[in-house]
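The next block holds one structure in the form of structure tokens; read it before the comments.
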Amino acid sequence: MPAATKMKGLIKIALPLAILALFLFGQALNFYCNIFHKFEAILLSVQWMLLVCLAVWCGTFIFLTFGLKDLPLVGLLLIAMAVYFIGYTASSRAADAIILSAGVTLGKGTQFLLKNEKQKVESRNILIGLIGLLAFSAWWHLDMINNFYLGPRWTGLWDNPNTYGMLMGAGVVVTAGLLADRRWKMVEKEKRNPPSRCFGVARAESGKLFLRLLRYFAAIKSAICNRQSAMLLIAAGMMAVGLLFSYSRGAWLATTIGLLYLAWSYGRLKWRWVLPGILVVAAVVCVFWHATADNGPWYLKRLDFSRPSAQHRVSAWRGALQMMRDHPLGVGWNQAVSIYGKNYSPPVGGAAALTMNSYLMLGTELGLPGLLCFVAYVGLALKAESRKQKAENQNAKTGDSHGPVLTQPSSIFHPPSSNSLAVACRAGALVLLVAFWFDGGLFDLPTAAVFWVLLELGAEVGTSRCDVRTAQRTVPTNNDGCGALKS
């Protein structure tokens, strides 16, 4: 029986990771394997049938995991299907509808498979597997001779450095979240079994800079000595190098915001450290504005926001807002770029820049109702636990709410959610959400698959009632020898 249970757990982890790897490396398989290319062509030749199959699977998973917060997602999918089949002649080759449905299906399917008592352990294993896939692809590049981006910008196993940068940024942030999760658990363990000394001495020592440095060095040493943490540190370094050499400004900004969210979640965000960075970035933008030549170094031209790569995006934002004003119910799949180019006077060669903003593409193609449904669902999925849940989780950690409470020393790690693993998933999803505004990606299969998986894990990995009962059976004791028991 234990062997069968273990095999079942392995299948629950391996199946989502296999599908995720297929979505991530589909372009590489297409590049290296001619058989896969033919199989893909056959599937895309009957898109309507593929979309119906995905809708059935997605509807089944939503039904099996249904909650009130899923209503906006149901509305989004219904709008997407209706727009596809109403304008079937124009949207019959709309890969965006397929990718949206496939991403949601993978996310909901992963959520369904992990709905059990070992949800957190299996979710952590899936995240580690995802990090392994991204680290594996960090320094492996396709030799695409005719690629537009061929040159100093790294593209990895994809044909677009922005896609590569977004995935590397999400991988870095999720890895940092897992390392912070491990560190937080160590601190919580120390809180349950503190050394035999009074709180006054501990607070006096914690105020000394030298002892603080010793604690940080000890934490780093502990991470290196642990095999899993050491591998996560190596993977984070590999992905950080890839993120840097992608020269994707949207991915840089999104990764920074994701790391700041992690710091805020663990109570380590200090605005006096953030504001100087904002001022430095503003100064760099001002200094390099209209200050680079066409034959200048690539990395300097990426700092000049007056160049067409940035200005075409701004023009597309303005045109998309006007299009949503004129067509509040959308223009249909595959129609936004052509209508923008014909009726809204984009810069020469700048009509395709509209695809670099996934939210405006969603709003122009599916209309304001579709965009609002997406925003509502993402907001509900990223929403932290309610006050009632927080109170229940806190009571579970400290004892019965009607009984005595064992006070513990305050910790530098105190995430707003009782589950730090969910914080890591939300931070990774936030990276992609920010990058979708600048570089697109919601309708690209690799980034869409990672986004929906992280979003669903971050929404579902929260503390369950089973976890609360387990915490109530393991109420921590205080061994500090100072009589810290209070009623």
Side-chain angles (χ1 to χ4, degrees), residues 17 20-21 24-25 28 124-142 152-158 160-186 213 215-263 265-266 268-269 273-274 277 298-299 302 413 420-421 423-432 434-435 439 446-447 450 453-454:
L17 284 177
L20 186 59
L24 276 174
F25 305 138
R124 182 181 180 87
N125 290 334
I126 285 183
L127 291 180
I128 293 175
L130 172 61
I131 292 170
L133 292 174
L134 294 178
F136 167 77
S137 63
W139 292 357
W140 183 9
H141 304 277
L142 297 180
R153 298 186 70 180
W154 288 13
T155 58
L157 295 178
W158 303 274
N160 192 320
N162 295 320
T163 300
Y164 174 72
M166 282 187 279
L167 292 173
M168 294 300 105
V172 168
V173 172
V174 171
T175 306
L178 291 182
L179 291 171
D181 171 58
R182 173 176 172 77
R183 175 59 182 160
W184 178 63
K185 288 179 180 177
M186 292 174 59
L213 292 176
R215 290 193 184 95
Y216 282 116
F217 283 124
I220 295 174
K221 180 181 178 182
S222 175
I224 295 175
C225 293
N226 180 269
R227 182 180 302 176
Q228 186 180 102
S229 298
M231 295 300 293
L232 289 176
L233 285 173
I234 294 173
M238 295 174 62
M239 291 183 289
V241 172
L243 172 65
L244 176 64
F245 287 103
S246 70
Y247 291 101
S248 176
R249 295 165 296 193
W252 290 348
L253 176 63
T255 304
T256 302
I257 293 176
L259 293 174
L260 290 176
Y261 172 78
L262 278 178
S265 297
Y266 286 95
R268 303 298 293 167
L269 181 60
W273 298 343
V274 177
W298 180 269
Y299 56 88
R302 297 298 293 171
F413 289 102
S420 53
L421 192 61
V423 173
C425 296
R426 292 167 187 163
L430 182 62
V431 171
L432 295 172
V434 175
D439 298 323
T447 48
V450 174
V453 168
L454 290 177

Could you pull out all residues at least two apart from Trp140 that satisfy side-chain contact (heavy atoms from CB on, under 4.5 Å)? Tyr32, Phe136, Leu157
Give, for atom CG of Leu262 and atom CZ of Arg426, the distance between the pair rounded to the nearest 0.5 Å. 12.0 Å
Minimal heavy-atom distance between Val423 and Tyr261, with the atoms involved, is O-CE2, 3.8 Å
Which heavy-atom pair separates Ser248 from Asp439 by the least distance, and what is that distance? OG-OD2, 3.2 Å
Run Leu130 and Leu454 through side-chain contact (heavy atoms from CB on, under 4.5 Å) and show every step you take. CA-CA 10 Å; Leu130 172 61; Leu454 290 177; 4.1 Å; yes
Test of understanding: with side-chain contact (heavy atoms from CB on, under 4.5 Å), list the residues that count as partners of Tyr247, not counting sequence neighbours. Arg153, Phe245, Trp252, Trp298, Tyr299, Arg302
Pairs under 3.5 angstrom only: tabulate donor-acceptor contacts from the side chains of residues 164-179 to other protein residues two or more places apart or in another chain.
unit_1: Tyr164; atom_1: OH; unit_2: Ala138; atom_2: O; d: 2.4
unit_1: Thr175; atom_1: OG1; unit_2: Gly171; atom_2: O; d: 2.6

Exercise: identify the closest heavy-atom pair between Pro161 and Trp154: CB-O, 3.3 Å
Could you check whether any side-chain heavy atom of Ile131 comes within less than 4.5 Å of a side-chain heavy atom of Met239, counting everything from C-beta outward? yes
Distance in Å, Leu430 CG paired with Thr255 OG1, rounded so as to fall on 0.5 Å steps: 10.5 Å
Closest non-hydrogen contact found for Thr155 with Asn160 is CG2-C, 4.1 Å
Inter-residue atom distance Leu24.CG - Thr163.OG1, 0.5 Å rounding: 11.0 Å
